[in-house]
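All of these numbers come straight from a predicted model, not from anything done at the bench. We name chains A, B, ... by the order of the sequence lines, and we start the count at 1 in each one.
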Amino acid sequence: MIVQVLTDVLVASVALAVPVLVASSGELVGQRAGVLTMSVEGMMLTGAFASVIGATTTGSALAGVLCGATAGLLFGVLQALLSVTLRANQIVTGIAANALALAGTTFGARLLFERGTAVPGFDRWAVPVLSEIPVVGPALFRQTPLGYALLAAVVVLGILTSRRTGWGLSIDAVGEDAAAADRAGIPVLRIRHLAVLGVGLLSGLAGTQLALSEVRTFSDNMTAGVGYLAVVAVIAGSWRPVPVVVASLVFGAAQALQFTLPALGVDVPFALLVMLPYVLALVAVAGLVTHSRPPSGLTTTFARVRAA
Amino acid sequence: MRTTARTAPAAVPADTAPSGTPKAPGTGDAPALSLRAVRRTFGPTVALDDVTLDVAHGEVHCILGENGAGKSTLCNIVFGTVPVSSGDVLLDGAPFAPASPADAIGRGVSMVHQHFSLVPTLTVEENLLLGRSGLRPDRRALRERLAELRADFGLVVDPSARVDRLSVGERQQVEIVKALLPHPALVLLDEPTGVLGPAEIDGFLSTVRRIADSGTAVVLITHKLAEVMRVGDRATVLRGGRVVGGGRIADLTPERLVTLMVGREIGGLDAVLAATLGVTGPDVAGPPAHGPTTTRARARARAEEPAILEVRGLTVLGPEGARRVDGVDLAVAPGEIVGIAGVEGNGQSELVAAVSGSLAPEAGSIHLAGETVTRASPARRAALGLGVVPEDRHHEAVVPGLSVAENLLLGRLREHRRFLLLDRRSMRTRADELAERFDVRTAGTDAPLSSLSGGNQQKAVLARELSLDPLTCVVAAHPTRGLDLGAVDDVVTRLREAAHRGVGVLVVSSELPELLALCDRILVAYRGRLLGPVPCTDPDARDRVARLMMGTAA
């Protein structure tokens with residue numbers, strides 16, 4: 001009985017943690033490069049919407065992924081243009097972009113998507129043997145092909161952008177002191193542009209994962225703040241990869257409780273459970289932030305010199 | 001011209017060398033660097049005008065000039081952070097118009113900046129790998145190159161140390177190593193000795209000489225003549241963005257160079273000004289009017305008087321809990337000028353912040369004019385007559401966007417209030433009078449403070465702080481930093497006048513010669529403690545203070 005409960009809780013936690021994890025690993029790179037992308041929420045929602053429309057129109061889940069990724073990337077282009085090229089306030093533009101995405105996708109869904117339509121998605125595929133491991137096996141090794149691909153991408157990204165690589169060093173240097181990085185010959189603006197595009201791509205894919213692997217449909221505001229959780233996970237994880245992964249898992253677990261606790265017959269008001277991840281997020285930011293130091297250049301902009 | 005006699009980069013195999021490695025410096029007839037009629041404007045300001053000069057391979061070419069003469073702009077043009085407005089730059093005879101520092105580095109130009117350009121949270125090794133490595137940094141090649149630099153130039157760095165844990169001298173060493181890593185054909189040094197102690201400057205200058213002797217062209221930007229005379233081969237003097245003279249150092253005298261820099265004869269040059277320029281000894285006029293003779297008289301007089309500013313057992317913690325000021329005792333008598341020397345980062349800034357009321361001390365007490373003000377607000381301290389000239393003019397002393405008048409009267413708006421509104425007319429009258437008295441040159445006191453030159457901004461700060469009524473004590477942190485000679489003269493004169501009126505003056509500076517010329521006695525900040533005092537009348541004062549700055553007993 002206990003084993004079964006644990007297994008169920010873990011399966012639900014990981015399922016809900018994967019989108020947070022994918023988005024936060026992109027956001028981590030962006031923030032390390034000094035750009036605070038607040039529009040992760042909007043990027044995820046747009047990615048989810050585009051993937052559902054793409055998949056239903058073509059009948060192919062793979063085409064849906066392509067659409068979700070492209071939408072996220074385009075959103076990233078817009079945000080990079082605002083945050084890096086035009087040096088606009090990153091928090092204000094990010095939040096405005098989120099509002100735009102919510103309105104746009106809600107309107108788009110009225111136009112293009114009929115409720116109840118079957119959405120081609122991805123089925124779970126269990127890795128032989130590994131998925132038989134008690135408790136952990138079903139949670140980790142019964143993902144959809146998209147889920148595996150994204151988890152692999154997160155790992156590869158983490159390795160490529162670690163401090164052990166020249167790229168990772170450059171990213172940290174740009175986020176700490178853009179002027180110093182520039183004098184060392186690092187292309188500051190290119191790195192920041194790429195970082196924000198990466199945030200867009202991964203957030204779009206995170207939304208796609210949510211839509212095509214988990215929910216299998218689109219509903220208004222279906223991300224419901226998960227994008228903000230991804231931003232918080234980066235802060236709560238002190239801008240270091242492993243703690244960010246852990247924070248993403250915690251947020252996933254907190255979301256999962258709203259499904260698992262009622263199923264277990266624990267009598268807690270549903271609304272409180274829905275609130276839980278966001279309460280945790282507030283506590284994490286207020287309580288943990290004093291012990292960690294953000295990249296010195298976070299939200300600052302860079303321009304070398306005025307034209308003659 | 002010297003032919004290149006540099007060691008081949010044998011330790012770094014060609015295929016693993018970073019892609020940006022330039023070819024060996026040219027051995028042809030073309031100078032390493034040529035500027036032809038270079039002009040650069042910033043809006044209406046002409047920073048450089050018709051500048052033409054040549055730097056040969058293997059020579060140390062000094063660019064001299066006062067602040068604002070265009071020295072740094074020249075460096076920035078060659079390093080690709082500022083484009084020219086017109087004119088040509090040639091590198092080894094080939095046209096050179098770098099769009100970015102990366103471009104310049106790729107063509108064999110390295111630069112050591114006036115302000116450090118290391119990323120503090122990375123290690124030395126990571127800083128050295130920055131911008132020169134792709135996916136997999138070649139740490140082995142780097143270590144081999146470091147061994148080479150140690151053998152060739154005696155440069156030693158600890159690759160695994162985090163940069164923010166290093167002393168300024170060690171950081172400077174890392175900066176130089178970073179500049180030399182890619183086998184540059186030309187090294188630009190932009191006022192590299194500003195933050196160093198006397199011993200570190202000596203070491204640095206010998207390194208510069210060895211770099212040039214290895215065949216690399218070196219451009220040394222400075223305003224210190226002593227350095228030029230020691231290591232320079234040629235000098236070019238800039239004034240107001242134009243080349244006003246130069247030539248082989250062997251053919252030039254320090255007097256000639258000062259005359260060129262300042263644009264006037266130096267016969268009556270004040271000792272403090274001479275010190276600022278790095279001219280010492282018999283080249284300058286005798287002691288200043290308020291020099292050591294009056295110092296002794298004042299020293300006798302103040303022995304009877306109680307201190308106007310007294311600090312007892314003061315401890316101030318830094319942001320990470322380190323003791324930046326560690327149990328410091330300090331007393332300034334009325335009419336006394338006390339200097340605090342020391343390499344930057346030894347607690348001077350925190351001491352000033354605690355005394356001026358912007359940082360709460362952890363332990364100890366501060367007494368001003370007979371009252372305890374340990375945790376009093378800056379307003380209370382000002383009411384007791386404490387004038388503060390902060391270290392960071394833009395961030396702490398003024399509000400650049402407000403007008404000159406508003407900045408001058410910011411602390412006493414209450415005196416210019418009519419009902420609930422400000423009385424603009426009386427503010428204007430008062431500000432005009434202050435600007436006149438302190439010689440603040442403005443286009444009117446309505447103009448924004450940011451429209452003033454650095455020197456005049458500093459004069460405005462002095463005008464505000466020294467016109468406090470009553471004025472009992474002045475704390476000035478690096479009051480002459482970044483000012484041209486006229487302004488330095490003015491600031492120094494004002495501080496001396498204040499001391500003569502019986503005001504206690506505490507001056508923090510890293511420019512030892514200036515302090516020696518200005519103060520009655522000098523304390524040395526070293527790792528949060530104050531060593532000394534050394535009386536400035538002591539003939540060995542300079543050596544004693546220099547030794548204390550390195551933490552060795554006087």
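Nearest heavy atom pair, residue B:Ser117 against residue A:Ala180, reads O-CB, 3.4 Å. Nearest heavy-atom pair, A:Leu169 versus B:Leu122, reported as atom, atom and distance to 0.1 Å: CD2-CD1, 4.1 Å. Nearest heavy-atom pair across B:Pro137 and A:Arg164 is CD-O, 3.1 Å.
The structure places CD1 of A:Ile186 at 11.5 Å from OG of B:Ser100, a figure rounded to the nearest 0.5 Å. Residue A:Arg183 holds its CZ atom at 4.5 Å from NE2 of B:His113, rounded to the nearest 0.5 Å.
Contact of the B:Thr121 side chain with the A:Asp172 side chain is not registered, since no non-hydrogen atoms from C-beta on lie closer than 4.5 Å. Two residues are said to be in side-chain contact when any heavy atoms from C-beta on lie closer than 4.5 Å; B:Glu126 and A:Arg163 meet this criterion.
The number of heavy-atom neighbours closer than 6.0 Å to CZ of B:Arg162, taken from other residues, nucleotides and ligands shown, is above 12. For B:Arg36, the CZ atom counts as densely surrounded, since its 6.0 Å shell holds more than 12 non-hydrogen atoms of other residues, nucleotides or ligands.
Residue contact with chain A, scored on non-hydrogen atoms closer than 4.5 Å, is absent for B:Ala47. Contact of A:Ala173 with chain B is made through backbone and side chain together, with heavy-atom distances under 4.5 Å.
Ranking B:Pro120, B:Pro101, B:Ala102, B:Ser110 against chain A, the residue ahead of the rest is B:Pro101, based on heavy-atom pairs under 4.5 Å.
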